[in-house]
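What follows is a single structure, written as structure tokens, with notes after it.
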Amino acid sequence: QVHLLESGGGSAQVWGSLRLSCAADRSTFINALMGWFRQTPGKEREFVAAIGRTGRIDYADYVKGRFTISRDYAKNTVYLQMTSLKPEDTAVYYCAASASAWDTRVEQYNYWGQGTQVTISS
């Protein structure tokens, strides 16, 4: 069983910053494509950022230049540094792991964390 445990969510002001963390089992982490997704009520879960085993990175256009994804193999953890936050960034953020070499589609991610709420207020 794969465990992904997110932390770091909470509330922030517009233009503020938050950092999300996702700790994984080592056996999962070292071989997985890791991604962050988010979801708001009534909407589909959407891609935010992904980082591959070789370090390839991609971001959704709506977070590009503001969010940074990284992974630490010593800690088996993937991070999402979020800056210049906007009210529309308010969502539940999910960490996910995929066995694919590279993909940003929700359905290609096999394992999911429980989600962490991010709320941005003006």
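Applying the salt bridge (Lys or Arg N to Asp or Glu O under 4.0 Å) test to pairs two or more places apart or on separate chains, those with a residue in residues 54-63 are Asp61-Lys64. Listed by first then second residue, pairs satisfying salt bridge (Lys or Arg N to Asp or Glu O under 4.0 Å) with a partner in residues 76-86 number zero, not counting sequence neighbours. Residues in residues 69-122 take part in these disulfide bond (SG atoms under 2.5 Å apart) pairs, two or more places apart or across chains: Cys22-Cys95. Within the structure, no pair that satisfies the disulfide bond (SG atoms under 2.5 Å apart) test touches residues 40-78, not counting sequence neighbours. Identified under the side chain to side chain donor-acceptor pair (under 3.5 Å) test for residues 6-21, with sequence neighbours left out: Glu6-Gln114. Sorted by first and then second residue, the pairs that involve residues 97-114 and meet salt bridge (Lys or Arg N to Asp or Glu O under 4.0 Å), not counting sequence neighbours, are Asp103-Arg105. For residues 31-77, no residue pair satisfies the disulfide bond (SG atoms under 2.5 Å apart) rule, not counting sequence neighbours.
Taking the six-membered ring for Trp, Tyr94 and Tyr109 have ring centres at least 6.0 Å apart.
Partners of Ser98 under the side-chain hydrogen bond (donor to acceptor under 3.5 Å, both in side chains) rule, at least two apart in sequence or in another chain, are Ser100. Partners of Asn76 according to the side-chain hydrogen bond (donor to acceptor under 3.5 Å, both in side chains) rule, which considers only residues two or more places apart in sequence or in another chain, are Arg26. Judged as a ring-ring contact (aromatic ring centres under 6.0 Å, His included), and not counting sequence neighbours, the contacts of Phe29 are Tyr73.
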Throw together a table of side-chain donor-acceptor distances under 3.5 angstrom for residues 45-54, partners on residues two or more places apart or in other chains.
{"from": "Arg45", "atom 1": "NE", "to": "Gln39", "atom 2": "OE1", "distance (Å)": "3.1"}
{"from": "Arg45", "atom 1": "NH2", "to": "Gln39", "atom 2": "OE1", "distance (Å)": "3.2"}
{"from": "Glu46", "atom 1": "OE2", "to": "Arg38", "atom 2": "NE", "distance (Å)": "2.7"}
{"from": "Glu46", "atom 1": "OE2", "to": "Arg38", "atom 2": "NH2", "distance (Å)": "3.3"}
{"from": "Arg53", "atom 1": "NH1", "to": "Asn31", "atom 2": "O", "distance (Å)": "2.6"}

Using residues 115-122 as the side-chain source, report each donor-acceptor pair under 3.5 Å to any protein atom, sequence neighbours left out, with the distance given to one decimal.
{"from": "Thr116", "atom 1": "OG1", "to": "Gly9", "atom 2": "N", "distance (Å)": "3.3"}
{"from": "Gln117", "atom 1": "NE2", "to": "Ala91", "atom 2": "O", "distance (Å)": "3.4"}
{"from": "Gln117", "atom 1": "NE2", "to": "Thr119", "atom 2": "OG1", "distance (Å)": "3.4"}

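Side chain of Tyr59 to main chain of Ile69: a donor-acceptor pair is present (N/O by atom type, distance under 3.5 Å, no hydrogens or angles).
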